[in-house]
Visitor: 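The structure under discussion is supplied below as structure tokens; questions concerning it will follow.
Letters go in sequence order (proteins before strands), and every chain restarts at 1.
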2 protein chains.
Amino acid sequence: MTEPSKESTKASNQFSTEEKIKEAARRVFHQKGFAGTTTRDIAREAGMNLALLNYYFRGKKKLFEIIMLETVQGFIQSIKHYLNDQDTSIQQKVEILVENYIDLLQREPNIPVFILSEVRNDPSYLIEQVGLREAILGSHFVKQLMEFGDKTGRKMANPLHFLINLLGMTVFPFITKPLLSGVWGMDEKQFKALMDERRILIPRAMKAILEGNAMLAPS
Amino acid sequence: MTEPSKESTKASNQFSTEEKIKEAARRVFHQKGFAGTTTRDIAREAGMNLALLNYYFRGKKKLFEIIMLETVQGFIQSIKHYLNDQDTSIQQKVEILVENYIDLLQREPNIPVFILSEVRNDPSYLIEQVGLREAILGSHFVKQLMEFGDKTGRKMANPLHFLINLLGMTVFPFITKPLLSGVWGMDEKQFKALMDERRILIPRAMKAILEGNAMLAPS
DNA sequence: ATTTGATTTAATCAAATGATTGAACTATCC
DNA sequence: GGATAGTTCAATCATTTGATTAAATCAAAT
């Protein structure tokens, strides 16, 4: 009946039971979502007894919340630093963001659908826990985007438009990967090649959008 | 023990029990997904007895498949015709697609996450049933995109890139609507205004991408 | 009014699922 | 070796959930 300690003897091994369960949970949750995952799925995937899941994580919900938090944090953290670099241009930040996210999503392509389908209705607890608002709104990147608008005669439309375009072009293909693969008849290798092309094409497209003044406020 | 007929007396009313259940199922499935929905959820939403669902639709799975098929077909059908118009330019088709999809998604914003989260792994049965491949690959729009590439000296990169950009910019904001609303502090009205701005901005952006030759094959 | 087929309801079943229990096992310390 | 804290397992519980059943109700035809 005692609590498992974070620093127990076995837990300090590289692949402790606790970590194995967490990794299994990450894989299964990412693939099938909270409602679509059973605790027995996770236990089987981890090669462990069902009771261990409850012993270490006190239930499915708690385990899920840990996975969700770590997943979102990983997604934000991977670019947060670069977006606040005072010495890089908008274009450079675009290139870095595209590179980082395509790298991340080629490793873990299920993350976007996982986050978005679980957040469908109430994302409030995530926004608070992760500090999503500050990470984006307060970033140097957003400041640069708003300044860019001022340089031309007209104002820039909500910088949100620029972010949506950028993230949409980068993340959307991973979200629709099964459909793309199916419709276009692509295998893993071809999809990777497509996304590697986009590392070049997306920054080009964003440059064309900026330089074409396409994101200035509609008349 | 007899089968419910499609042309039964009651079913011919505008709001037959069968239709009420289907509409309820559509709302609940769209919002919570297959695994997250219980048959009792649907029955309650429809104000009906649980047994009726099984009487009319022979189970949760069957009902879901009907909803899924109709949803995807509605999504494709709404633009299929325009994409094959021989007399409109690429730019005009972009404008029409953006208008149509923003209209549709402002009415039913849950459709994209619904489709994408249910299709996560195996979209094959959808691709076959709906004729997704032919609707896209065989469209006049895709032909135009491939020709466009030939006009300049260089080849156009896979026209898929152009489609991803277009659909990403249009659909992505609806997918991330809860996050956008949360981070930016937007209410329904503000989000609608944002999407109405994008009716203008997205065609502009796609024009800038095309004219800036941003989608030509990477060196 | 009666019959007949279609529709609706309350009650129930069987399987799946999240969680718990108590015993067994292991490693570490004395 | 024995004590102690930590870990693992098989068995079981209580609830949820998809589905079924048998009876009741309704509507139209005769």
Visitor: Would you confirm whether the ring centroid of Phe75(B) sits within less than 6.0 angstrom of the ring centroid of Tyr101(B)?
Guide: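 Yes.
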Visitor: Take the protein atom CZ of Phe57(A) and the nucleotide atom P of dG18(C), then report the distance between them rounded to whole Å.
Guide: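 Taking CZ of Phe57(A) and P of dG18(C), I get 16 Å after rounding.
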Visitor: Regarding Leu50(A), tell me which of base, sugar-phosphate or nothing describes its non-hydrogen contacts under 4.0 Å with the strands shown.
Guide: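 Touches a base.
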Visitor: DNA chain D: Leu52(A) or Arg40(A), which has the more 5' nearest nucleotide?
Guide: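 Its nucleotide being nearer the 5' end, the pick is Leu52(A).
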Visitor: Once you apply the 3.5 Å cut-off to both distances, tell me the Watson-Crick or G-U wobble partner of dT9(C), or none.
Guide: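 For dT9(C), the partner nucleotide comes out as dA22(D), under the 3.5 Å rule.
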Visitor: Take atom CZ of Arg44(B) and atom P of dT16(D), then tell me their distance rounded to the nearest Å.
Guide: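 Going from Arg44(B) (CZ) to dT16(D) (P), I get 12 Å.
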Visitor: How do Asn54(A) and Ala51(B) order along DNA chain C: which one's closest nucleotide is nearer the 5' end?
Guide: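 That would be Ala51(B).
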Visitor: Let me know the distance between CE of Met48(A) and P of dC9(D), rounded to the nearest Å.
Guide: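 Computing the Met48(A):CE to dC9(D):P distance gives 7 Å.
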Visitor: From the list dA19(D), dA10(D), dA19(C), which nucleotide is the closest neighbour of the side chain of Thr39(A)?
Guide: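 The nucleotide sitting nearest to the side chain is dA19(C).
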Visitor: Does this structure show an ion pair linking Glu128(B) with Arg133(B), if we count only N-O contacts that are shorter than 4.0 Å?
Guide: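 Salt bridge: no.
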Visitor: Send over the distance from Tyr55(B) OH to dA22(D) C1', rounded to a whole Å.
Guide: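 So the OH-C1' distance, Tyr55(B) to dA22(D), works out to 14 Å.
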Visitor: Of the nucleotides dT7(C), dC9(D), dT7(D), which one has an atom closest to the side chain of Tyr56(A)?
Guide: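 Shortest atom-to-atom distance from the side chain points to dT7(D).
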Visitor: If only side-chain N and O atoms count, and only distance matters, is there a donor-acceptor pair under 3.5 Å linking Thr88(B) with Lys93(B)?
Guide: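 Short answer, yes.
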Visitor: Whole Å only: how far is the CG atom of Asn49(A) from the P atom of dC25(C)?
Guide: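 To the nearest whole Å, that distance equals 15 Å.
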Visitor: Report the base-pairing partner of dT30(D) (Watson-Crick or G-U wobble, both distances below 3.5 angstrom), or none.
Guide: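 Here dT30(D) is engaged in a pair, and the nucleotide opposite it is dA1(C).
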Visitor: Report yes if at least one side-chain N or O of Thr38(B) is closer than 4.0 Å to OP1 or OP2 of dT16(D); otherwise report no.
Guide: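 No, no such contact exists.
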Visitor: Using whole Å, report how far NZ of Lys60(B) lies from C1' of dT20(D).
Guide: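 Going from Lys60(B) (NZ) to dT20(D) (C1'), I get 17 Å.
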Visitor: Which residues satisfy the ring pair (Phe, Tyr, Trp, His ring centres under 6.0 Å) test with Phe29(B), sequence neighbours excluded?
Guide: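 Listed in chain order: Phe64(B).
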Visitor: Starting at NZ of Lys61(B) and ending at P of dA19(D), how long is that distance when rounded to a whole Å?
Guide: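 Answer to the nearest Å: 10 Å.
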Visitor: How many Å lie between CG on Leu53(B) and C1' on dT7(C), as a whole number?
Guide: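 It works out to 15 Å between those atoms.
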Visitor: So Arg198(A) and His161(B), do their side chains get closer than 4.5 Å, heavy atoms only?
Guide: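 Answer yes - side chains close enough.
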